[in-house]
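Reviewing the structure listed below.
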Amino acid sequence: MIRKVLIANRGEIACRIIRTCRRLGIVTVAVYSDADRDALHVSLADEALHIGPSPAAASYLCGDRIIDAALRTGADGIHPGYGFLSENPAFAEAVSAAGIRFIGPSPDAIRAMGLKDAAKALMEKAGVPVVPGYHGAEQDADFLAGEAARIGFPVLIKARAGGGGKGMRRVEDAASFKEALESAQREALAAFGDASCLIEKYVSHPRHIEIQVFGDNHGNVVHLFERDCSLQRRHQKVIEEAPAPGMPEDMRLAMGQAAVRAAQAIGYCGAGTIEFIADASERLRADRFWFMEMNTRLQVEHPVTEAITGVDLVEWQLRIASGEPLPRRQEELSIHGWAFEARLYAEDAERGFLPATGRLTHLDLPEHLARVDSGVRAGDRISPYYDPMIAKIMTRGADRVTALSALSTALAEVRATGVTTNATFLRRLTIQTDFAEGSPDTGFIDRHLAELTMMHPAPHDVVALAALLLAGALDQKKSNDPWDALSGFRLWSQAADFVSLEHRGHRLPVSFATRQVDGYEVVVDGKVSTLRVSHAGAAYVVEADGRSHTVHAVRGPRDVTIFRDGESWHFVLMDVLAGEDEAAAGGDRIVAPMPGQVKLMRTSPGATVVKGETLAVMEAMKMELTLSAPRDGTIADVLVSEGEQVLEGAVLLMLEPLPETEHG
Ligand code: MV4
């Protein structure tokens, strides 16, 4: 058995590989870039070596430095994880040449599957179903148009060097073929430096179903059933599951056998995935799936397979790389229950899924309901250098509904601050009824995009709780002490309980009064609610107008994020005095900080006022607020009169500087 493994990767997959190594008594070596000096994978490994600056091209993609690190630490195996060097045949070759075991397939197998059109030709020969199409080198437009006609419309034009959907064009009829081809070729040339395209029959209602395979050095290949990765957005997987919903048993058998044939055709050794596209236009059928490509590495979504088969795939990788035979025969493998995986990303779904960066000031991940594979902890930075995945959240159950509701509950337990995540988006996906009812297809997210990404307005009790927290109203310990009642009275009568919050770029004035020991009367935007707040461990129980919710609040020095039912809202405490500072710095407008009635107004234009002098008194819900002069000056204009109701932000009075005094 391999004794010491260097993990040529970072983040969650490095941590996940280390976990299995520890269980097997294998010593681990981590490598890290500048940005990852304090990363979790570094602290979990037995040893760690710095390999270069933050950009991956200068660190995690530097094969030479990684091999050098392995040699220096005496590692006898290198696990590449996924991404980075995992499917680089030259790296696999160099590792072997250095006398170290590459924990993955042979360089030849990687090469054979690296060229997508050659791989398709190879698979066709091996008797694996391949989408009808033209995968050859001839690129003459008339010739390709002829091929398209032979294949039959609609067809899909794909860039030969492509991936990720770049250069893909669906063509409905012969008339629009040439224009689409030219545009696909232009895009392919710009993106890959290679204009060549292939033509395929367009598969309607496509589902992405992939088969996990494993081969050993003794000529054995098994499959570990399928994963359904159809739930994607812009060709990025979002939620994966195993098994595939609606998969007939004969199709499962046929796909498993086709995948094993594919792996055998290239003498495959180690963990691999055969990606198929299935036509689900009339449910899934055993004669409607086709080979797309093979990934010659461990996949991000491998844990759903682990969940339904009970196999630790990294353990198998290590055993096979050590020369052991496959731990189980095909007939010893079976599917137990159902599993889901959701990918928690640092990204802003509301802003077009822009990647988010920053410091994760707080991070709660589900603890009991889910398996969580993560490479970060609270306090870590999500840097722009690498994939912004924060964690993978996996749940299982006896059946699909059970596993899915566990996922939904687990996602609602994600509480991250400092960096925007897709947690709410994922959670909303899991509670879509048509997701729960059956097989999500590739168009599912786009069809539901608005509901999945729209902002939910903050409920009144959430705003109220945020205000109470930021005002410090919940800080003092509530007790039976009679002084509490007094202080409540004092707070109310003092009429100073007003906070101005900033929420999504808007100012939210909130006033409140303490009513009982733990009761508050809170006014948000003129709407009054009566709130009772109590602590429940890390959470708060907020009862408002007869309804009670358990919410979590994560506080920063001047901000708070409230989490409830899988949704979250962020509030920042605005400095009420900021307006006055502004005025002091030359501002001249006295503005109503909250909606209410003007009780008292200095109404003498031209009058001289000194800093601190009362200019107006407002009342909102029996609370008074005094607006005083931010600086010395002259009243230039009075815009409202006593008794008037004003909106928040209304200008009440204008000041102007004192007249210049004559000199000399
Ligand atoms: C297709 C297809 C329909 N017909 N090929 C998308 C990226 C690449 N991995 C293959 N893709 C597709 N190839 C034919 N002949 C539809 C897709 C496709 C897709 C496939 C699986 C899961 C999600 C998808 C989303 C859009 C398009």
Side-chain angles (χ1 to χ4, degrees), residues 82 87 113-117 119-121 123-124 128-136 144 147-173 177 180-181 184 187-188 191-192 197-211 226-242 244-247 255 262 272-282 284-285 287-297 299-301 304 341 343 353 429 435 438-449:
Y82 54 70
E87 292 180 285
M113 291 300 181
L115 301 161
K116 305 303 173 191
D117 52 342
K120 276 179 182 158
M123 290 300 108
E124 207 159 14
V128 177
V130 171
V131 188
Y134 176 73
H135 300 132
L144 290 179
E147 285 301 300
R150 178 184 62 80
I151 295 159
F153 290 96
V155 297
L156 195 65
I157 303 172
K158 292 182 176 177
R160 187 168 66 144
K166 264 229 174 70
M168 269 185 10
R169 294 287 185 287
R170 184 188 144 139
V171 188
E172 298 301 323
D173 47 45
F177 181 79
L181 178 69
E187 192 173 318
F192 312 108
C197 288
L198 40 96
I199 318 291
E200 286 184 357
K201 176 85 193 155
Y202 178 78
V203 176
S204 73
H205 300 84
R207 292 255 306 267
H208 173 131
I209 301 178
E210 58 185 33
I211 308 283
E226 78 276 10
R227 294 185 287 259
D228 192 321
C229 310
S230 302
L231 204 62
Q232 306 192 354
R233 205 202 131 262
R234 304 260 161 96
H235 307 294
Q236 298 291 314
K237 295 167 186 167
V238 177
I239 292 179
E240 303 99 336
E241 62 185 299
M247 171 81 101
M255 288 188 84
T273 293
I274 318 285
E275 236 181 80
F276 292 101
I277 189 167
D279 173 353
S281 55
E282 296 170 288
L284 293 174
R285 285 174 42 164
D287 58 350
R288 291 194 185 170
F289 70 87
W290 301 275
F291 172 87
M292 280 276 120
E293 55 183 80
M294 178 173 190
N295 299 312
T296 54
R297 55 158 198 274
Q299 304 250 122
V300 176
E301 61 272 23
V304 293
E341 171 183 283
R343 299 185 182 193
F353 296 88
L429 264 176
F435 185 178
S439 37
D441 59 284
T442 54
F444 186 88
I445 290 175
D446 282 337
R447 278 200 306 281
H448 292 283
L449 201 62

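For ligands, and for the atoms within them, numbers begin at 1 and follow the listed sequence. Residue numbers run from 1 in the order of the sequence given.
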Original post:
Can you tell me if Lys201 uses its side chain to pair, donor with acceptor, with the backbone of Gly152 under 3.5 Å?
Top reply: yes
Subject >> Minimum heavy-atom distance between Phe435 and Glu241, given as atom pair plus value >> reply: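 Residues Phe435 and Glu241, closest heavy atoms: CE2-OE2, 4.0 Å.
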Would you say [X] and ligand 1 have an N/O pair spaced under 3.5 Å apart?
| X | result |
| --- | --- |
| Ile277 | no |
| Lys201 | yes |
| Glu293 | no |

In ligand 1, which numbered atoms sit nearer than 4.0 Å to a non-hydrogen atom of [X]?
| X | result |
| --- | --- |
| Val131 | 15 (N) |
| Leu156 | 1 (C), 2 (C), 3 (C), 4 (N), 5 (N), 13 (N), 14 (C) |
| His235 | 6 (C), 7 (C), 25 (C), 26 (C), 27 (C) |
| His208 | 21 (C), 22 (C) |
| Gln232 | 22 (C), 23 (C) |
| Lys158 | 1 (C), 5 (N), 10 (C), 13 (N) |
| Glu200 | 5 (N), 14 (C), 15 (N) |
| Tyr202 | 3 (C), 4 (N) |

Subject >> Minimum non-hydrogen distance to atom 24 (C) of ligand 1, winning option of Thr442, Asp446, Ile209, Ile445 >> reply: Thr442
Subject >> Any donor-acceptor N or O pair under 3.5 Å, side chains Arg234, Gln232 >> reply: no
**OP:** Measure from NZ or CZ of Arg170 to the centre of the six-membered ring of Tyr202 and say whether it is under 6.0 Å with the direction within 45° of the ring axis.
**Re:**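 That pair qualifies as a cation-pi contact.
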**OP:** For Lys237 and Glu210, run salt bridge (Lys or Arg N to Asp or Glu O under 4.0 Å): C-alpha distance rounded to whole Å, both residues' side-chain angles, the deciding distance at 0.1 Å, then the answer.
**Re:** CA-CA 12 Å; Lys237 295 167 186 167; Glu210 58 185 33; 3.4 Å; yes
Do [X] and [Y] sit within salt-bridge range, that is, some charged N less than 4.0 Å from a carboxylate O?
| X | Y | answer |
| --- | --- | --- |
| Arg207 | Glu226 | no |
| Arg288 | Glu282 | yes |
| Arg447 | Asp441 | yes |

